[in-house]
Structure formats: structure tokens, C-alpha cells
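What's counted below: heavy atoms across the whole structure, side chains too, no hydrogens, waters or symmetry copies. Note that the structure is a prediction, hence the values are computed from the model and not measured. First the proteins, then the strands, lettered A, B, ... as listed; each starts at 1.
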There are 2 protein chains.
Amino acid sequence: MNELQKRLETYKRLGLKLTPQRLAILEYLENTREHPSAEDIYNALKDRFPSMSFATVYNTLEVLIEKGLVKELSIDSSKKRFDPFLHSHHHFICKQCGKIFDVERNFDILIPEELKEFEVSDFQVVFSGLCPTCKKK
Amino acid sequence: MNELQKRLETYKRLGLKLTPQRLAILEYLENTREHPSAEDIYNALKDRFPSMSFATVYNTLEVLIEKGLVKELSIDSSKKRFDPFLHSHHHFICKQCGKIFDVERNFDILIPEELKEFEVSDFQVVFSGLCPTCKKK
DNA sequence: TGACAAAATAGAAAGTGTTTTTATATTTAA
DNA sequence: TTAAATATAAAAACACTTTCTATTTTGTCA
């Protein structure tokens, strides 16, 4: 089964309608590690879909998030970033260029005592500083 | 030395001009643990300063951040939140009501091997889930 | 204290990123 | 094949943030 068929399967399984735009967005997300913003996605696809609108990008992202295929990141305070990697991982954001990198190591963090009245479902570690490229400058 | 005098000192030391608006913003920030947004600050102060504009709130925050008196949080993807607590601490965000809580426990996190080419200056742990109030519902 | 220069303010306008709306087109299921 | 459901493009609405400029305020120094 090739990649396209897998995507089709995934969509069907979730009861989503198959549209070329949606497939293209999913394909783009699956093939990048750039944690793109909605605009990045739009720009990447507008050559293939010159008539595509932002609404489609946002609508599709909303559906994908709802279905659990994509996560929304709140790491960049100027805009939302999207992440199709579902396995547990963390991030590094460069204070200079804004790029986000995956940090795949796991951290053994105990839920602190002060959160015992809370229902903690997840935690995220976000490192910040300079990426290798910006560090050299 | 009372609180007001301390604030005056802090401002003077940093070479900032003392304006009633700035003092009020600093005072408000020092007395809340709500991690307010710019709008929260504006709303909290508009009774005392009916003519105040958002520009002043944002300008002042910018200066305070620059001088290191306040930190900008990127935890809430819909808007910026501001935090005047400078000691090292982490956060919990409620997925339901959006409230942000401080987590004061320290975590011994080693900089992972995969970031050895990076310059890591900080890390933040963000827990998420339901706060005690939303958990009950 | 009064005057001056530098800096901050208010208010409005413009800029981003995101969401909603509406009419039309496409997809899916029967 | 057709009806119903859903997705689409395009524009408008929206929320948050930044920028601009004339006016006011602040700190400094005579």
C-alpha cells in the first residue's frame, strides 16, 4: 500500500470526505518537520491549487485536529503552528529565527504534588535559545 | 519602604520615566497571579484611567519585557499573556477555561543530547488538563 | 520655579492572523 | 442517478497587536 492509499484509508476510516485540497494538506503536513503555520501551508499549496482559500486550510486543520491527526502548538506567540507528529515529543524554539525543532527524548516528569487537585492529561517541555545556525552568527 | 516606593525605585534604577499609567500597570501585574492578557490589564485600569489606550498598555509591556521585569508567555495560542513572576517556575493551563496556574516545583531536566549543537538558555514545562473547578463539572 | 528636550500618552488607523458567512460546487450514500 | 450532506472560494467580520502623529508629561538644569 503506497502513501496515497494510506492517506485515503486514514480519511475514510475517520469518516472524512476526500477532497484534493484535504489530501494535499495532509500530504504536506506528513512530509514536513517545519511545524508550519496556516499561511505556510497555504503558500506551499497555492501553486497546485491556485484557487484555494485560507478558509479551506483553516477548516481542514480544524477537522484534522478534531480527529486527532494534527496537533496545534502554542509555542510561537505570534501565530499558531501545526504538528502532524503524534508520537510523544517535545520542542525547541529558536529565539532568533523562530524555527521549531523536535526533541524526541522522553522526560520522566512526575506530576507535582501541587497539581494533585488537577486532572493532568499532558505535559510539554519547550526549550528555547539559539539554533545551530543562529548560534554561529 | 512600602510597595509604592519599591516600584518607584525599580523604575528609577532602570532609567524609566515615571508615569501614573506605568506605575498602575506594574502595580496591577504585581498583585495578580492571573497571567493577564493586554486586554485584562486595560480593563482592570480603565476605571482609574478612563483615557488610557491600548497603545500605552502594549508600549509599557514592551518596555517592561525589555527591562526584564515581565515575561511574555506563549502558552495560550489565542493571545499573549504576561507574567511578572521572575523566579523560575512552570505552568498549568486548563483546557476548559483557559486559566493558567503557576507550578513552582523545579524539574531536573538535563539538556538532551540531540540539542548539543544548540545554545539552550531556558526551558519551560507546561502541563495541561482540567483545573479543579472544571474537573468537578 | 520655569523652560527645555526627551520621552510617553491618547486616539485612531492600519496590520496580522483567524473565524464566520454565503452562495456555489462537489462528494457520498442510497 | 439523484438527493442530502458536506466542502469550497471569496469576502467580510473579528480579535489582537502594532504603528503613527499630535499633544502632553516627565526629568533636568539653569
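For the contact set between residues 21-32 of chain B and DNA chain C, defined by any heavy atom under 4.0 Å, the members are B/Q21, B/R22.
Comparing the axis of the opening five pairs of the helix from C/dT1-D/dA30 to C/dA30-D/dT1 with that of the closing five pairs yields an angle of 30°, rounded to 10°.
Note on B/E30 versus B/K6: no salt bridge recorded, every NZ/NE/NH1/NH2 to OD/OE distance being 4.0 Å or above.
In this structure, CG of B/L8 is placed 13 Å from P of D/dT26, rounded to the nearest angstrom. Going from atom CD of B/E66 over to atom P of D/dT18 covers 13 Å, rounded to whole Å. A straight line from CE of B/M52 to C1' of C/dA8 spans 13 Å, rounded to a whole angstrom. Following rounding to the nearest Å, B/K46 (NZ) and C/dT9 (P) show an atom-to-atom distance of 19 Å. The distance between atom OH of B/Y42 and atom C1' of D/dA15, rounded to the nearest whole Å, is 15 Å. Distance A/L45 CG to D/dT8 C1': 15 Å, rounded to the nearest Å. Atom CG in B/D40 sits roughly 10 Å away from atom P in D/dT17 (whole-Å rounding). As a whole-Å value, the separation of B/K67 NZ from C/dA7 P is 11 Å.
Using a 4.5 Å heavy-atom threshold, the side chains of B/F82 and B/I65 count as touching. Here the side chains of B/L61 and B/I41 are in contact, with some heavy-atom distance below 4.5 Å. Two residues are said to be in side-chain contact when any heavy atoms from C-beta on lie closer than 4.5 Å; B/R33 and B/D102 meet this criterion.
Between the side chain of B/Q96 and the backbone N or O of B/G129 there is no donor-acceptor pair closer than 3.5 Å.
Scanning for side-chain contact (heavy atoms from CB on, under 4.5 Å) contacts around A/F127 gives A/F92, A/V103, A/F107, A/V125, B/I109, B/I111, B/P112, B/L115, B/V120, B/F123, with sequence neighbours left out.
By the criterion of side-chain heavy atoms lying less than 4.5 angstrom apart, applied directly or through intervening Ile, Leu, Val, Met, Phe, Trp or Tyr residues, B/Y58 is not grouped with B/L73; the two fall into different hydrophobic clusters.
The list of side-chain hydrogen bond (donor to acceptor under 3.5 Å, both in side chains) pairs with a residue in residues 61-72 of chain B, not counting sequence neighbours, reads A/S77-B/E72.
For B/K135, the NZ atom sits in a packed shell: over 12 heavy atoms of surrounding residues, nucleotides or ligands are nearer than 6.0 Å.
When every heavy atom of B/Q21 is checked against every heavy atom of B/M52, the shortest pair comes out as CG-SD, 3.9 Å. In plain terms, the two heavy atoms of B/D40 and B/S37 that are nearest each other are OD2-N, 2.9 Å. Closest approach of B/A24 and B/F49 over heavy atoms only: CB-CE1, 3.4 Å.
Under the 30°/60° scheme for interplanar angles, the aromatic rings of A/F85 and A/H87 are found to stand perpendicular.
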Which letters describe nucleotides 12-30 of chain C, given B = protein heavy atom under 4.0 Å from base, S = only from sugar-phosphate, - = neither?
-----SBBB------BS--
Set out, line by line, the N/O atom pairs under 3.5 Å between protein and nucleotides 1-4 of chain C.
none

